Amino acid sequence: MKLLYFAWLKTKTGLAEENVTPPAGVATVGQLLSWLEGRGPNFADALSDRGAIRVAVNQAYAKPGDPIGPDDEVALFPPVTGG
Amino acid sequence: MKLLYFAWLKTKTGLAEENVTPPAGVATVGQLLSWLEGRGPNFADALSDRGAIRVAVNQAYAKPGDPIGPDDEVALFPPVTGG
Amino acid sequence: MIRVQQEDFDVGKELAKLTEGNQAIGGVAVFVGLVRDMAGGSGISAMTLEHYPAMTEKMLSEIEEEAKQRWPLEASLVIHRYGRLEPGDQIVMVAAASAHRQAAFEACEFLMDWLKTKAPFWKLEETDQGAQWVDARDSDDAAAARWVKRGPDAAE
Amino acid sequence: MIRVQQEDFDVGKELAKLTEGNQAIGGVAVFVGLVRDMAGGSGISAMTLEHYPAMTEKMLSEIEEEAKQRWPLEASLVIHRYGRLEPGDQIVMVAAASAHRQAAFEACEFLMDWLKTKAPFWKLEETDQGAQWVDARDSDDAAAARWVKRGPDAAE
């Protein structure tokens, strides 16, 4: 699974993108965020305010209950501020 | 008093502008329109639909009861259609 | 700024002039009106815009002044043409610049709505059935009425 | 049409291209967003717009498609820049052309409101206090919420 981080999620995690293989049982967006949060202090800090995080699965906005799989591109970012 | 006619009021009266000296007693916009209406068939036709006529006194929109005097510029025209 | 002119205008250049050097502007809302080819179903070959010069400038200035009092505008512009125009030609340009887009959009719509119902212009269309004066539209009156203030602070 | 690019754009030329040859267009509503010098009170020397390329184009296309379904548009355009921009620079241009101005204005506002809350761009401002990511504004959410359809026909 490919993960992308944008804006302050990139700054806080120190990563722009990475490939991960979450354990079995990580089957939804919400489960993925919880698993990532346990990967260390940087991730715990970056993911602490769940309401401030938006997730896109394969370039489409996703909700906590939406399914994810090994071939998906999952992006984590704060609310957008373009325009 | 200077009178100006625009759009179909110009077409129907056959005049773009004229100078008039209405009789004493013609002291308001409404009285002016009534007096003009009696000046002949062209004017009667042009002024028959009073609701379709707008009047400006000295380049400002005026109501039937507004006063007029010999030095005023009074314009008669249909509802505007610019833009 | 207000301009009433026979010549065409360049929207890009006008906007560049309007916003140049003012870095408090976050957005500019613009409307450009063009001559359509099919008002009412009969083909239009051209139209002539008549106006009442002394009153036109006065009314447009008043409308712009009203917009400046209602919204925090950094800059505004109204250009209206008169004379003979053909389908596709530009008729009018209205622009409102502000720190935030909501004020810019609202002021731009206000300027157009009031211009349409207050500025002394009249369209004479050359159609298949001969020249005819365009009638005012009820929808324009309704649009303009949105902006009439009620109560003691009313502007009119 | 959608374009995401680093280069600046010429509003006048873009509009001319957009409306050229289409005489059913009666009006074009346009919004141009510029970099302001004073968001939040601290002077901005520049900003960098980051984006998520694959998703940006997809979202902008979806938003434009939604506008076309809601309003009778003759033409539409969204140009959004990314990269480093300085105060006074153009960030975004949105244009909607229709037979009548009401549809053009509404579609243009809709495009901006949804772009602001859905298109994956993030602003990093260089201020007196160092670089900081711009926070999303509640007023933008409120503006976008105006266009959410309720009931069985809801688009989302």
Side-chain angles (χ1 to χ4, degrees), chain B residues 1-20 28-30 32-33 36-37 41-83, chain C residues 4 31-36 39-40 47-63 78-83 85 90-94 108-109 111-125 130-141 143-144 156:
Chain B
M1 183 183 303
K2 186 178 182 183
L3 299 185
L4 302 175
Y5 304 91
F6 292 98
W8 54 254
L9 271 148
K10 180 169 65 178
T11 320
K12 289 190 175 184
T13 61
L15 291 169
E17 64 175 85
E18 62 173 333
N19 286 297
V20 296
T28 66
V29 166
L32 176 69
L33 294 184
L36 288 170
E37 212 173 341
N42 285 0
F43 282 90
D45 175 44
L47 297 173
S48 62
D49 182 3
R50 201 64 67 89
I53 294 170
R54 300 291 175 269
V55 179
V57 177
N58 301 324
Q59 300 93 44
Y61 284 103
K63 300 199 181 78
D66 288 346
I68 49 166
D71 297 331
D72 288 337
E73 175 176 297
V74 182
L76 281 66
F77 48 80
V80 304
T81 56
Chain C
V4 182
F31 182 82
V32 182
L34 306 170
V35 180
R36 282 198 304 146
M47 68 160 61
T48 300
L49 265 156
E50 185 180 31
H51 76 127
Y52 177 7
M55 188 176 173
T56 310
E57 306 238 353
K58 193 175 159 189
M59 284 307 301
L60 291 180
S61 295
E62 280 180 29
I63 294 168
V78 177
I79 303 177
H80 203 302
R81 294 176 70 188
Y82 61 89
L85 300 172
Q90 300 184 132
I91 306 173
V92 63
M93 166 178 179
V94 162
C108 188
E109 288 196 63
L111 287 165
M112 275 307 299
D113 286 345
W114 277 32
L115 180 160
K116 280 253 176 196
T117 52
K118 294 176 193 286
F121 289 94
W122 302 275
K123 288 176 180 159
L124 180 66
E125 290 179 343
Q132 49 193 37
W133 292 101
V134 174
D135 279 334
R137 298 194 311 158
D138 290 341
S139 60
D140 285 332
D141 288 333
E156 58 156 49

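Throughout, protein chains are lettered first and strands after them, A, B, ... in sequence-line order, and every chain is numbered starting at 1. Every value quoted in this text rests on a predicted model; they were computed, and no experiment measured them.
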Non-hydrogen atoms of chain B under 4.5 Å away: do they reach the side chain of [X], the backbone, both or neither?
X: C:Lys123; value: both
X: C:Met59; value: side chain
X: C:Ile91; value: side chain
X: C:Ala119; value: backbone

Open item on the list: Suppose a student defines contact as a heavy atom less than 4.5 Å from any heavy atom of chain C. Which residues in residues 8-16 of chain B would they list?
Closed with: B:Trp8, B:Lys10, B:Thr11

- [ ] Anything in residues 44-59 of chain B with a heavy-atom distance to chain C below 4.5 Å? Please list those residues in order.
- [x] B:Ala56, B:Asn58, B:Gln59

Can you give me the closest heavy-atom contact between [X] and [Y], atom names plus distance?
X: C:Leu115; Y: B:Gly83; value: CD2-CA, 3.7 Å
X: C:His51; Y: B:Phe6; value: O-CE2, 3.4 Å
X: C:Val134; Y: B:Thr81; value: O-CG2, 3.4 Å
X: B:Pro78; Y: C:Trp122; value: O-NE1, 2.9 Å

Task: Which of C:Trp133, C:Tyr82, C:Phe121 touches chain B most, by non-hydrogen pairs under 4.5 Å - done: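 Most heavy-atom pairs under 4.5 Å with chain B: C:Trp133.
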
Open item on the list: Looking at B:Asn19, I want to see if its CG is surrounded by more than 12 non-hydrogen atoms of other residues, nucleotides or ligands under 6.0 Å.
Closed with: yes

Open item on the list: Students often mix this up, so state it plainly: with edges at 30° and 60°, are the rings of C:Tyr52 and B:Phe77 parallel, tilted or perpendicular?
Closed with: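 Perpendicular.
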
